[in-house]
Amino acid sequence: AIDGAALADFAGRLDVQAVRDVAKEHLGENCDVGPGDFADAREAANFAVLFGLLQIGHGFRHELHELCGRGAARTITLGVTKLREDGLKAKRLREFTIEQIRHVFGLPNNEALHEFTLQLLTVLRQAGKELERAGDADFDAFCRRVLDSEEAAVAPAATMVRGLANAFPAFNDQGTLDDGRRVVFLKKATLAVGELHRLASPRDELYRMSDDIAGAIAPVDNVIPAVLVFHNVLRLSDGLFSAIHKGRRPLPRGPREVELRAAALVACERIVRAVGSGFSALDLGYYLWLSGKVPEIRRFARHHTKDTIFY
């Protein structure tokens, strides 16, 4: 549940300028690239979309720390950087092997990480196949085609999010509540659009998407709900709190996991409205995700879901 009083207090204490400026530079060691790190908009766009697409593996963070000495976010950033060096053409993605996945992402051949390795392989191969099916050489070509549509002339950011989710299964992040209602998160597609804006727009105005990017939602994973629980904005049921904070048990995909993420999504929208102006829910999502890396909050337990490729 959302605690209205705690939400108002949190919103009142936010540094609006800090939230607004959070995505202007690189975002710490887990996203340590900025616009100046790319030769052109094409290179930046290819990186941005792949970076968003591969934001998975949080459920294996303990195994990754034990076996690799780093968490999921850092593992993905290192892998995407390596892929960028090797080239991001559709054919290259489609032909990946499990051995290449282990090499690129620095993963040992260990049973504890086998499922994560297969998730990475599946997502990359699917992306390559879908790009080739559409006749696009890479993600930049796909994005330019989407943003050249009539729909994008009115709402470019929303069209881009929808285009990614419709074209690539690993971007189509949705879930169902106990009562059958469907929640559309599109966390990774929204993040990819944020990264296109952040990294590629300084090189090409097409990627600015300024007509409607301010309306983008927060890209809710497992970090953002935990930060909101830490600040008492979200209140967990006794059973869910015990599972996450005492049992440290995985939270499988399903209604409870969907409800937790949905509550965080709504809370972010309410925080933006409570502040009144100055930043978007996407900006707030970046800010909350980064604040989740602060040692005091980083030690605070967060839910982990292994059976998902959506975050």
Side-chain angles (χ1 to χ4, degrees), residues 22-23 25-34 47-48 50-84 98 100-124 170 173 185 187-188 190-192 194-195 218-230 243-253 257 260-261 264 285-311:
V22 68
E25 299 296 334
H26 70 72
L27 299 170
E29 65 172 11
N30 293 329
C31 188
D32 54 356
V33 294
F47 181 95
L50 187 64
F51 179 80
L53 182 71
L54 291 181
Q55 291 301 303
I56 64 176
H58 76 274
F60 300 90
R61 63 190 294 256
H62 298 298
E63 292 88 343
L64 285 164
H65 276 291
E66 180 181 346
L67 296 169
C68 304
R70 47 182 150 76
R74 186 60 181 160
T75 295
I76 295 303
T77 297
L78 291 172
V80 175
T81 300
K82 176 68 173 164
L83 285 170
R84 171 191 169 194
I98 198 164
Q100 289 172 328
I101 290 290
R102 291 190 180 114
H103 171 71
V104 168
F105 291 89
L107 301 174
N109 185 0
N110 188 288
E111 182 61 29
L113 290 175
H114 183 65
E115 184 180 354
F116 176 47
T117 306
L118 288 180
Q119 288 176 351
L120 289 168
L121 181 65
T122 299
V123 170
L124 282 174
D173 175 14
F185 294 104
K187 178 261 176 178
K188 296 194 301 182
T190 301
L191 178 63
E195 290 298 280
V220 175
D221 52 5
N222 68 320
V223 176
I224 291 174
V227 174
L228 294 174
V229 172
F230 179 85
I244 295 173
H245 290 265
K246 296 177 182 177
R248 302 291 179 105
R249 298 189 300 273
L251 184 65
R253 284 190 68 197
E257 173 248 353
L260 177 56
R261 293 179 69 205
Y286 275 120
Y287 178 84
L288 293 174
W289 186 83
L290 262 183
S291 69
K293 307 303 176 183
V294 174
E296 182 183 9
I297 303 178
R298 195 168 198 159
R299 290 190 294 268
F300 193 71
R302 60 192 69 165
H303 82 272
H304 62 288
T305 302
K306 290 180 180 288
D307 58 336
T308 183
I309 57 170
F310 295 131
Y311 64 106

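Quick note: numbers below take in every heavy atom, side chains included, and nothing from hydrogens, waters or symmetry partners. The shown structure was predicted, so the numbers you read here are calculated from the model rather than taken from an experiment.
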TODO: Begin with the C-alpha distance, continue with both residues' side-chain angles, and end with the deciding distance and a verdict on side-chain contact (heavy atoms from CB on, under 4.5 Å) for Leu124 and Ile101.
DONE: CA-CA 9 Å; Leu124 282 174; Ile101 290 290; 3.4 Å; yes
Task: Contact check, side chains of Leu83 and Leu50, non-hydrogen atoms, under 4.5 Å - done: yes
Task: Side-chain heavy-atom pair Leu260, Ile244 within 4.5 angstrom cut-off - done: yes
What side-chain donor-acceptor pairs closer than 3.5 Å can you find for residues 102-109, not counting sequence neighbours?
{"unit_1": "Arg102", "atom_1": "NH2", "unit_2": "Asn109", "atom_2": "OD1", "d": "3.2"}

Open item on the list: Rounded at 0.5 Å granularity, tell me how far CD1 in Ile76 sits from CD1 in Ile56.
Closed with: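 Result: 5.5 Å between the selected atoms.
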Open item on the list: Can you tell me how far apart OG1 (Thr190) and CZ (Phe185) are? Round to the nearest 0.5 Å.
Closed with: 11.5 Å
How close do [X] and [Y] get, counting heavy atoms only, and between which atoms?
{"X": "Leu53", "Y": "Ala170", "value": "CD1-CB, 3.9 Å"}
{"X": "Asp307", "Y": "Glu115", "value": "CA-OE2, 4.1 Å"}
{"X": "Ile224", "Y": "Ala264", "value": "CG2-CB, 4.4 Å"}
{"X": "Ala112", "Y": "Leu67", "value": "CB-CD1, 4.2 Å"}

Open item on the list: Under a 3.5 Å distance rule, please check whether Ser291 uses its side chain to pair with a backbone N or O of Leu288 as donor and acceptor.
Closed with: yes
Task: Donor-acceptor contact present, side-chain Lys188 to main-chain Gly52, <3.5 Å - done: no
Open item on the list: Please enumerate all residues that pass side-chain contact (heavy atoms from CB on, under 4.5 Å) together with Phe230, with sequence neighbours excluded.
Closed with: Glu296, Ile297, Phe300
Task: Those residues that, when tested against Ala226, pass side-chain contact (heavy atoms from CB on, under 4.5 Å) (two or more places apart) - done: Arg302
Task: Those residues that, when tested against Phe310, pass ring pair (Phe, Tyr, Trp, His ring centres under 6.0 Å) (two or more places apart) - done: none
Task: Contacts of type ring pair (Phe, Tyr, Trp, His ring centres under 6.0 Å), residue His114, not counting sequence neighbours - done: none
Open item on the list: In terms of relative ring orientation, are His303 and His58 parallel, tilted or perpendicular, with 30° and 60° separating the classes?
Closed with: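 If you compare the ring of His303 with that of His58, the planes turn out perpendicular.
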Open item on the list: Could you go through Thr81 and Thr77, starting from their C-alpha distance and side-chain angles, then the distance that decides it, and tell me whether this counts as side-chain contact (heavy atoms from CB on, under 4.5 Å)?
Closed with: CA-CA 6 Å; Thr81 300; Thr77 297; 4.3 Å; yes
TODO: Go through the steps for Leu64 and Phe116 under the test side-chain contact (heavy atoms from CB on, under 4.5 Å), then give the verdict.
DONE: CA-CA 10 Å; Leu64 285 164; Phe116 176 47; 4.0 Å; yes
TODO: Check the pair Arg74, Asp32 against side-chain contact (heavy atoms from CB on, under 4.5 Å), reporting the backbone distance first and the verdict last.
DONE: CA-CA 10 Å; Arg74 186 60 181 160; Asp32 54 356; 3.2 Å; yes
TODO: Please say which of Asp173, Asn222, Asp221, Thr305 ends up in a side chain to side chain donor-acceptor pair (under 3.5 Å) with Arg261.
DONE: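 Of all the options given, the one that passes is Asp173.
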Open item on the list: Checking Lys306 now: which residues fulfil salt bridge (Lys or Arg N to Asp or Glu O under 4.0 Å) with it, not counting sequence neighbours?
Closed with: Glu63
